[in-house]
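Sequence lines set the chain letters: A, B, ... in the order given, protein chains first and strands last, and positions in each chain run from 1. What you see below is based on every heavy atom in this structure, not just the backbone, and it leaves out hydrogens, waters and symmetry mates.
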2 protein chains.
Amino acid sequence: MQKLDTKTKILNAAEQLFAERGFADTSLRLITSQAEVNLASVNYHFGSKKELIQAVLARYLEVFVPSLEQTISSLNSQGDRYTQHQVFSCLIEPLLALNTFRHRGTTMFLQLLGRGYIESQGHLRWFITTHYGDIMVAFNDAVRQANPHLSKAEIFWRLHFTLGTVVFTMASSNALTDIAKSDFNQDVDIEDLIRRLIPFISAGVSAP
Amino acid sequence: MQKLDTKTKILNAAEQLFAERGFADTSLRLITSQAEVNLASVNYHFGSKKELIQAVLARYLEVFVPSLEQTISSLNSQGDRYTQHQVFSCLIEPLLALNTFRHRGTTMFLQLLGRGYIESQGHLRWFITTHYGDIMVAFNDAVRQANPHLSKAEIFWRLHFTLGTVVFTMASSNALTDIAKSDFNQDVDIEDLIRRLIPFISAGVSAP
DNA sequence: TTATATTTAAAACATCTGTTTAATAAAAAG
DNA sequence: CTTTTTATTAAACAGATGTTTTAAATATAA
């Protein structure tokens with residue numbers, strides 16, 4: 001067990017609380033008490049709560065985005081004909097890799113992403129699109145390549161439907177897997193959940 | 001223009017602000033100033049902010065749930081063989097009927113529902129399932145009836161995927177329609193959104 | 001009418017919010 | 001070592017929050 005510095009302790013506590021309770025319902029005092037650091041250290045190291053939120057998400061995006069860029073570009077290098085299922089499959093590896101990067105990292109990342117899209121009047125959405133707009137365009141292009149019959153607008157909507165499906169599922173994944181266990185005696189981990197999601201959203205995006 | 005009583009003025013202002021900004025980001029002072037009533041009247045008429053939130057949603061559920069119960073039971077009375085599309089149609093009519101009940105009622109209700117499922121640590125979720133659990137079971141039975149080839153577990157997962165798609169989309173519908181307007185010069189109202197959602201979730205549920 | 005209950009109103013309440021200050025401690029550089 | 005920068009701490013700040021109180025106003029009932 002290595003000794004963590006203050007900045008990291010804050011980030012670790014903040015990401016967990018943000019994912020669980022949302023940004024507005026998580027106070028800096030709750031974060032600092034869980035991180036066992038002084039209250040003022042948040043403003044010292046990050047400037048403001050808003051910048052802390054961005055830093056929490058940035059730590060995941062810095063791992064996830066390059067990983068996704070790689071799987072997308074390797075898909076493109078294999079030719080220009082691929083299915084929607086293959087495009088979404090590009091997401092699986094980078095997403096699951098977050099679980100080795102951090103405990104429950106995949107769930108955490110998707111929950112944070114969802115909260116960022118719903119809460120905070122769009123300032124987090126702005127942060128993501130301005131810092132990681134390239135991969136969003138590349139992914140969007142791949143989806144268009146796989147679905148030449150769909151317009152840009154239609155793809156925009158269906159990708160956001162997809163985001164909703166994934167984010168909501170992850171946000172309530174604990175409750176859902178508990179129900180599946182008690183009602184169907186089904187043991188479902190995060191990897192099963194993603195593999196169950198892919199056919200659903202692939203069919204949805206490629207719908208006529 | 002009839003003169004509204006304080007209770008109704010509060011509910012009208014609250015539902016609009018809750019749908020737009022979420023529960024945590026909407027203060028009682030913002031609600032009462034928009035409703036042009038005294039601050040203390042919220043606690044006088046509703047007891048607390050939490051109970052106000054429940055009252056806002058209950059006003060919609062009291063209209064929506066009986067309407068849905070009717071379409072579902074009329075579907076069942078027509079025989080025991082119906083398609084999944086028919087089951088979804090049972091949902092559409094009661095939803096759009098909320099638009100005659102109140103201006104932008106459909107959008108408002110679905111946004112509130114979405115926020116209720118994501119925010120507020122599940123106390124609103126509890127309120128809904130304990131007060132309106134019967135119709136949720138009836139709807140689930142109808143879906144099972146329409147999909148005899150799918151296992152209970154499969155239906156369980158895909159219905160929750162569907163719920164996530166709708167709820168997330170509605171919770172962020174303001175931001176999404178803004179983007180669609182600026183990026184594609186597309187004016188999208190709630191009815192358009194629902195019509196775009198149906199093919200997506202239908203294909204998802206019917207996925208191989 | 002008078003008497004009673006209900007509703008509104010302004011103010012204060014205690015608590016929580018993010019942020020800043022000023023003093024101290026620790027670390028790094030000279 | 002001394003000096004200088006960096007980091008931590010406790011305290012206070014100004015403002016917002018939900019809620020309660022107390023009194024006045026309004027409506028209802030006798």
Side-chain angles (χ1 to χ4, degrees), chain A residues 2-59 112 115-116 118-124 126-127, chain B residues 2-59 112 115-116 118-124 126-127:
Chain A
Q2 60 173 328
K3 191 182 163 196
L4 301 172
D5 64 345
T6 303
K7 214 167 170 177
T8 306
K9 284 197 281 188
I10 293 172
L11 286 171
N12 288 347
E15 73 170 13
Q16 189 200 327
L17 291 167
F18 283 154
E20 278 176 8
R21 313 161 45 96
F23 304 121
D25 273 337
T26 303
S27 68
L28 295 185
R29 280 166 182 81
L30 190 63
I31 293 170
T32 52
S33 72
Q34 173 147 328
E36 292 176 319
V37 300
N38 187 272
L39 167 64
S41 56
V42 171
N43 290 285
Y44 176 78
H45 284 287
F46 298 96
S48 66
K49 184 183 181 181
K50 184 185 284 186
E51 286 166 290
L52 170 63
I53 294 173
Q54 293 178 356
V56 164
L57 235 134
R59 196 164 59 150
L112 291 169
R115 301 225 179 251
I118 294 168
E119 286 188 55
S120 67
Q121 295 106 266
H123 89 258
L124 199 52
W126 173 88
F127 171 78
Chain B
Q2 62 174 321
K3 192 183 160 198
L4 301 172
D5 64 346
T6 304
K7 213 168 171 176
T8 307
K9 284 197 281 187
I10 292 172
L11 285 172
N12 289 348
E15 72 171 13
Q16 189 200 324
L17 291 167
F18 284 154
E20 277 175 10
R21 314 161 45 96
F23 304 121
D25 274 338
T26 302
S27 70
L28 294 186
R29 280 166 181 83
L30 190 62
I31 293 170
T32 52
S33 72
Q34 172 146 330
E36 292 178 318
V37 299
N38 188 271
L39 167 64
S41 56
V42 171
N43 292 284
Y44 175 79
H45 284 287
F46 298 96
S48 65
K49 184 183 181 180
K50 184 185 285 185
E51 286 167 289
L52 171 62
I53 294 172
Q54 293 178 355
V56 165
L57 235 134
R59 195 163 62 149
L112 291 168
R115 302 225 180 250
I118 294 165
E119 284 188 56
S120 67
Q121 295 108 265
H123 89 257
L124 200 52
W126 173 89
F127 172 78

Tell me: [atom1] of [X] to [atom2] of [N], nearest whole Å?
{"X": "B:L28", "N": "C:dT15", "atom1": "CG", "atom2": "P", "answer": "18 Å"}
{"X": "A:N43", "N": "C:dT20", "atom1": "CG", "atom2": "P", "answer": "6 Å"}
{"X": "B:F46", "N": "D:dT19", "atom1": "CZ", "atom2": "P", "answer": "13 Å"}
{"X": "B:F23", "N": "D:dG18", "atom1": "CZ", "atom2": "P", "answer": "14 Å"}
{"X": "B:E36", "N": "C:dT7", "atom1": "CD", "atom2": "P", "answer": "21 Å"}

Open item on the list: With nearest nucleotide decided by heavy atoms, which residue, B:A40 or A:A24, maps closer to the 5′ end of DNA chain C?
Closed with: B:A40
- [ ] Let me know, please, whether A:H45 or A:L39 comes out on the 5' side of the other along DNA chain D by nearest nucleotide.
- [x] A:H45
Task: Given DNA chain D, 5'-ward residue of the pair A:R29 and A:N38, judged by closest heavy atom - done: A:N38
- [ ] Just compare C:dT8, D:dT8, C:dT19 and give me whichever is closest to any side-chain atom of A:Y44.
- [x] D:dT8
Task: Residue among B:D5, B:T6, B:V37, B:L11 satisfying side chain to side chain contact (heavy atoms under 4.5 Å, CB included) with B:H45 - done: B:T6
- [ ] Look at all strands and tell whether A:T32 reaches a base, only sugar-phosphate, or nothing, counting heavy atoms closer than 4.0 Å.
- [x] nothing
Open item on the list: Any base atoms under 4.0 Å from B:S41, or only sugar-phosphate, or nothing? Heavy atoms, all strands.
Closed with: nothing
So, is [X] near the phosphate of [N], with a side-chain N or O under 4.0 Å from OP1 or OP2?
{"X": "A:S48", "N": "C:dG18", "value": "no"}
{"X": "B:T6", "N": "C:dT8", "value": "yes"}
{"X": "A:S27", "N": "C:dC16", "value": "no"}

